Amino acid sequence: MAEPAPLVLVEREPERRIATALLNRPDRLNALNAELMGELADALRSFDDDEDVRCIVIGGSDRAFAAGADIGEMATASAMDMYAAKRIERWDAIRAVRTPIVAAVSGYCLGGGCELAMTCDLIVASESAVFGQPETGLGILPGAGATQRLTHAVGKALAMDVILSGRLLSAREALDAGLVARVVAREAWLDEAKRVAGQIAAKGPVANRLAKEAVNRAYEAPLSLGLDYERRVLYLAFASEDAKEGLSAFVEKRPPEFKGR
Ligand code: CAA
């Protein structure tokens, strides 16, 4: 019997030092069931452990990045089922990834899909992308970060509108509101996201990982602690060979050769 198709398609591009994970559940608009999330977490862990991968792209299809958590799977679950299965805790595997992650979003990016995109470090969106948190329409609420991350990204008024009324945001609206970093042509979403990932991958990998940690602190701590944390990881970066290489290369007017150490 033929093997079932993987729910996450994985590709490495050694020249650009990037790796891509594409959600592959087209008949369900990439709804995030436990199996898919498990495959995604495994792929991300393996990329993160690979020194030659310096930026990761997570994408879906033209039609959908992901239309949310799998509603069928949740429909029969009790609170205790959700708690015992540690459904949302699984998402911590994505948060734990130190390598920068670009979300490449085309089409529907809803509910848990939007939360997945927001868990990535930046979002490159097709003009066709549609963002929303429709959970309250299902009688539940976002549980994988949207009440916090969306509010940080777009502010209270718009976050309340999106979460309470189910308002959908176009790619342009999401860009203007600060949810999305770049909007690109409809047919170019994946190529452009990979291009951005390639630019990130060309920078100092240690510096990028530490900078990612420090930016994330801006969400998690008050400003004074965040600034203190930023200063400490900056000092730590000076212990890396990459910092010495990057700084000397600039002074010596040559391109740097980063080793990720
Ligand atoms: N879970 C499971 N199946 C889903 C799904 C989801 N989140 N979203 C879509 N599907 C399925 C549909 O049931 C449909 O299956 P069938 O062909 O067997 O009927 C298939 O994918 C295609 O979808 P549609 O026929 O509905 O496509 P459409 O173009 O008419 O509509 C849509 C697209 C507006 C995105 C619509 O599918 C929709 O509203 N989906 C649900 C969106 C949603 O509410 N997401 C939030 C989920 S809850 C959550 O994410 C919780 C959390 O925070 C952790």
Side-chain angles (χ1 to χ4, degrees), residues 4-9 21-41 44 58-97 101 103-120 123 125-154 156 158-171 173-174 179-180 186 189 219:
L7 297 172
V8 175
L9 304 172
L22 291 183
L23 312 183
N24 182 39
R25 218 183 154 213
D27 55 330
R28 285 283 174 276
L29 303 184
N30 293 332
L32 307 168
N33 65 359
E35 220 181 320
L36 184 152
M37 288 306 290
E39 283 190 29
L40 180 63
L44 294 177
I58 299 180
S61 65
D62 286 349
R63 190 170 169 215
F65 178 75
D70 190 302
I71 298 172
E73 210 176 56
M74 287 187 301
T76 52
S78 69
M80 280 302 112
D81 293 336
M82 298 286 285
Y83 176 71
K86 296 191 177 168
R87 279 195 62 99
I88 308 291
E89 282 79 349
R90 291 210 200 103
W91 292 60
D92 290 345
I94 302 162
R95 209 161 51 125
V97 171
I101 308 178
V105 175
S106 173
Y108 294 113
C109 186
L110 303 178
C114 190
E115 292 174 304
L116 173 60
M118 289 190 287
T119 309
C120 299
I123 300 175
S126 151
E127 281 167 347
S128 74
V130 178
F131 297 85
Q133 298 291 156
E135 288 91 340
T136 53
L138 299 166
I140 55 172
L141 66 145
T147 61
Q148 308 302 304
R149 290 200 178 93
L150 187 65
T151 309
H152 273 285
V154 306
K156 175 179 166 181
L158 189 53
M160 285 289 192
D161 195 0
V162 168
I163 292 170
L164 302 185
S165 79
R167 171 179 173 181
L168 299 178
L169 299 177
S170 68
E173 287 171 317
L179 175 61
V180 158
R186 192 172 283 261
W189 60 275
Y219 282 84

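Order of listing sets the numbers, starting from 1, for every ligand and every atom in it. Computed from a predicted structure; not experimentally measured.
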Enumerate, atom names and distances included, each donor-acceptor pair closer than 3.5 Å involving a side-chain atom of residues 146-154, sequence neighbours excluded.
from, atom 1, to, atom 2, distance (Å)
R149, NH1, T119, OG1, 3.4
T151, OG1, T147, O, 2.4

Quiz item: Roughly how far, to the nearest 0.5 Å, is CG of L141 from CG of L164?
Solution: 10.0 Å
Quiz item: How close do V130 and L110 get, heavy atom to heavy atom, and via which atoms?
Solution: O-CD2, 3.9 Å
Self-check item: Per-ligand residue contacts, ligand 1, heavy-atom threshold under 4.0 Å
Solution: D27, R28, L29, A31, R63, A67, G68, A69, D70, I71, M74, Y108, L110, G111, G112, E115, P134, E135, L138, P142, G143
Quiz item: Is the backbone N or O of S78 less than 3.5 Å from a side-chain atom of D81, with the two atoms forming a donor-acceptor pair by type?
Solution: yes
Quiz prompt | Residues forming a side-chain contact (heavy atoms from CB on, under 4.5 Å) with T76, sequence neighbours excluded | solution = none
I'd like a table of donor-acceptor pairs (distance under 3.5 Å, sequence neighbours excluded) in which one partner is a side-chain atom from residues 64-75, with atom names and distances.
from, atom 1, to, atom 2, distance (Å)
D70, OD1, G72, N, 3.0
D70, OD1, E73, N, 2.9
D70, OD2, R25, NH1, 2.6
D70, OD2, R25, NH2, 3.0
E73, OE1, A34, N, 3.2
E73, OE1, R87, NH1, 2.7
E73, OE1, R87, NH2, 3.2
E73, OE2, A34, N, 3.2

